[in-house]
Every structure is written in C-alpha cells, then in structure tokens.
> 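Can you read through this structure? Questions will come right after.
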Amino acid sequence: MTNAIQIEGLTKSFGTTTALAGVDLSVPAGRVLGVLGPNGAGKTTLVRILATLLLPDRGSVRVGPYDVVRDSHQARALTGLTGQYAAVDEVLSGFENLWVVGRLLGLSRAETKRRAGELLSRLGLAEAAGRPVRTYSGGMRRRLDLATSLVSQPRVLFLDEPTTGLDPRSRGELWELVRELVIGGTTVLLTTQYLEEADRLADEIVIIDRGRIVASGTANELKTRVGGQTLVVRPRHQVDLPVLRDLAASICGGAPRIDGDQVLAAIADPAVSAVLAQRLESAGVPVAELALREVSLDEVFLAITGTGDRSPACPQRTVG
Ligand SMILES: Nc1ncnc2c1ncn2[C@@H]1O[C@H](COP(=O)(O)OP(=O)(O)OP(=O)(O)O)[C@@H](O)[C@H]1O
Ligand SMILES: [Mg+2]
C-alpha cells in the first residue's frame, strides 16, 4: 500500500527551542494516524510543516508523491487543514466563509454553491448558514472550520486538536464525520489530547514528547506494552492501604501505587489477582473490592510521557 504521508528525520527548531527532534512516521493511504502528546510536544509544528505552512529544518516530508518543500503547490492541493484555533471570518456568514474558500480554490460559482450547501447541511449548519459567524457557538465554529478544509475535497486531511472545547455530543458528531471521510478514502492525521479520541478514531497512534516519537502502535498494542491490565484493590479499612500496597508489590514486583482509597498495579498476568487474594486472606486483610480492568490509554500516555507511574508491569514469572 502506498503511504499518503511519509516523514523521515524531520527536525525543526525555533531559536533555541527544539520543536521536532528527528521524527519518522508514515501513514498508509486511507488510514487514520492519531498523534498524541502533551502541551508543547511538537504536534502543531508537525501539522504546520505537513500543511506547507512552515519549512522544516532537516528531513524529508512527503504527502502522496509530493515533497512539501520542493512540490509545495502540489502537496497543498492534496491536503486540507483544520488548525488548532478556528480560522473562520467572524463577520461573514457560514455560507460566505465557504464561498470565499471555494472561489479562491478556483471552483465555479455553481460548484461552490453546491459544495457549500452540501457541507453546511452535512455539518449541521444549514439553519445557521446565513448568520454571521460571530453569533455561532464554539462547536459551530469548529464545525465550520472543518467544513472550510473540506471544500477542496482533500485526499489527506490534517486535524489539529479538532474537538478541543467541544461538548461530548459535538465531539461524537465530529468523530462520525471523520469516519465517513475515511470510508470515502481520505487519509487523516489528527492530533489530540483526548486519549479516547485516538482510541476511537485512529488505526495507529504515535505518542510524541519533546519533539520525539516515544511510542507507537495500535491502541491495544500500546496498552499491552504498559501492562495488559490494571489490578484494582480496595481494602475495607483505609488504614490497610500501605500493607496492601506492600503485599501487592511482593507479588507483582514493580511499584503498585495508592490512588485514593485503592491500590493500583499494572499486571501482565491476570493470575496475579488470585494469588493476591489468597495472600490477603492469610494476612487477615479484609478487602472490599478486588478487580481487573483494562489499562486505559490515559494510563499508557501518562506512563510513557513520564507524568505518571513508570513502573513496569508485574512480570509473569513471580506468579505461583
Ligand atoms: N513560532 C514559534 N516560535 C517559537 N517557538 C515556537 C513556535 N511554534 C512552536 N514553538 C515551540 O515549539 C514547541 C512545540 O510547539 P507546538 O505548538 O508544536 O506544540 P503542541 O504539541 O502543538 O502543543 P499544544 O498541545 O499546546 O498545542 C513548544 O516549545 C513551542 O513553544
Ligand atoms: Mg498544538
């Protein structure tokens, strides 16, 4: 399968700040890549370079067959961008915003009108189409912003935190729309701070931190990497928390942690929970809850970007 996006050795600095410190990634045509990273990780810088708004310092960046520096016009013609901050004109109406974009792209008046009408209704903005954008809610602006990037029917779409600030319903609608685009063959690279968003939409996820890719894979692969599951143990009496943590550590190794009224431990082997239950019983520590749940992408993100518990998952060999 040909790659719609191919990046090798990409670096970019602003003065003494290194925004991208050597990024390699590829996205096959028709797939969704989720780029996750904390504030300042380099996500917007990456998207702006891909969208030909910013020049790289070093490395090669191709969109389809086009190099974003050498063939920037052709690359731009293939792509659409919804930036991190809505870039719509407040004074113009929703329809007029799309009209301007369509005409600037060289579409005929009839084609522009048709396309604008189609996008406005698809994004739930048909009723508000004639109103100035300054009367739109944040979610409506975000949707209009997305509509402007779809006027050109891009084969490759860059979405920089597309659902930041949206309520859960609007977020769900936008996800639905992205799925439809992907079914239609569009390749999407989206950045997000919402792990759930990456989990729901992306075929593949890269986690970027301080300008470097620190992990990549499918959501499930990343979860497995940090530890298949999380063991949750809640003692009946809070005073038992430290004892319980130490017991869990003696079985799991690693570093189970106290979180509120429970102890959490990343484990690779579910059999650990039965062993722990036995030990707790022998030790006479009454337990209110002992459960296994899947590691959330949140925990993966925190573990990998270093803000959370970095301890390795409980190894299998200690069981039994
Ligand atoms: N035009 C610029 N001039 C100077 N520094 C910049 C510029 N653009 C980005 N940076 C710096 O580059 C680094 C990466 O910024 P970038 O905007 O790419 O991060 P981000 O991952 O998009 O963050 P956020 O989640 O906050 O949007 C940051 O340290 C930022 O301060
Ligand atoms: Mg950003």
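Remember, it's 1-based here, ligands and their atoms both numbered in the order they're listed. Please read these numbers as outputs of a predicted model, since none were measured by experiment.
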> Out of all atoms in ligand 1, which are within 4.0 Å of some heavy atom of Gln193? Include the element for each.
25 (O)
> Quick test of your reading of the model: are Glu8 and Arg62 salt-bridged, counting only N-O distances below 4.0 Å?
no
> Closest non-hydrogen protein atom to atom 6 (C) of ligand 1, residue and atom name please, with distance?
Phe14 CD1, 3.3 Å
> Would you mind checking which non-hydrogen protein atom is closest to atom 18 (O) of ligand 1, with the distance to 0.1 Å?
Thr45 OG1, 2.6 Å
> Under a 4.5 Å cut-off applied to non-hydrogen side-chain atoms, are Glu180 and Arg122 in contact?
yes
> Check the side chains of Thr163 and Glu197 for a donor-acceptor pair under 3.5 angstrom, ignoring hydrogens and angles.
yes
> Distance from Leu241 atom CG to Arg257 atom CZ, nearest 0.5 Å?
13.5 Å
> On a heavy-atom basis, I'd like to know which of Ala41, Gly37, Gly40 is closest to atom 28 (C) of ligand 1.
Gly40
> Counting no waters, how many protein N/O/S atoms sit under 2.8 Å from the Mg ion (ligand 2)?
2
> Is the closest protein non-hydrogen atom to atom 31 (O) of ligand 1 under 4.0 Å?
no
> Using a strict threshold of under 4.0 Å (side-chain N to carboxylate O), is an ion pair present between Arg200 and Glu196?
yes
> Specify the protein heavy atom at minimum distance from atom 26 (O) of ligand 1: its residue, its atom name, and the distance to 0.1 Å.
Asn39 ND2, 2.9 Å
> Would you say Glu281 has more than 12 foreign heavy atoms packed within less than 6.0 Å of its CD?
no
> Please report the closest heavy-atom contact between Ser72 and Thr52, naming both atoms and the distance.
O-CG2, 3.9 Å
> Kindly identify the option in Ala19, Gly42, Pro38 whose heavy atom sits closest to atom 19 (O) of ligand 1.
Gly42
> Note the single closest protein heavy atom to atom 17 (O) of ligand 1, along with its residue, its atom name and the distance in Å.
Thr44 CB, 3.6 Å
> If we ignore angles and hydrogens, is there a donor and acceptor under 3.5 Å between the side chains of Arg143 and Tyr136?
no
> Among the heavy atoms of Arg48, does any lie under 4.0 Å from an atom of ligand 1?
no
> Does Lys12 reach ligand 1, in the sense of a heavy atom lying below 4.0 Å from it?
no
> Transitive ILVMFWY cluster of Leu104 at side-chain heavy atoms under 4.5 Å: who else is in it?
Leu92, Val100
> Ignoring hydrogens, what is the shortest heavy-atom contact between Val133 and Gly94? Give both atom names and the distance.
CG2-N, 4.0 Å
> Return the residue, atom name and 0.1 Å-rounded distance of the protein heavy atom closest to atom 25 (O) of ligand 1.
Lys43 NZ, 2.7 Å
> To the nearest 0.1 Å, how far is atom 29 (O) of ligand 1 from its closest protein heavy atom, and which atom is that?
Thr17 CG2, 3.5 Å
> Just by distance, no angles: are the side chains of Thr44 and Asp160 close enough, under 3.5 Å, to form a donor-acceptor pair?
yes
> Would you confirm whether Ser93, through its side chain, and Glu96, through its main-chain N or O, come within 3.5 Å as a donor-acceptor pair?
yes
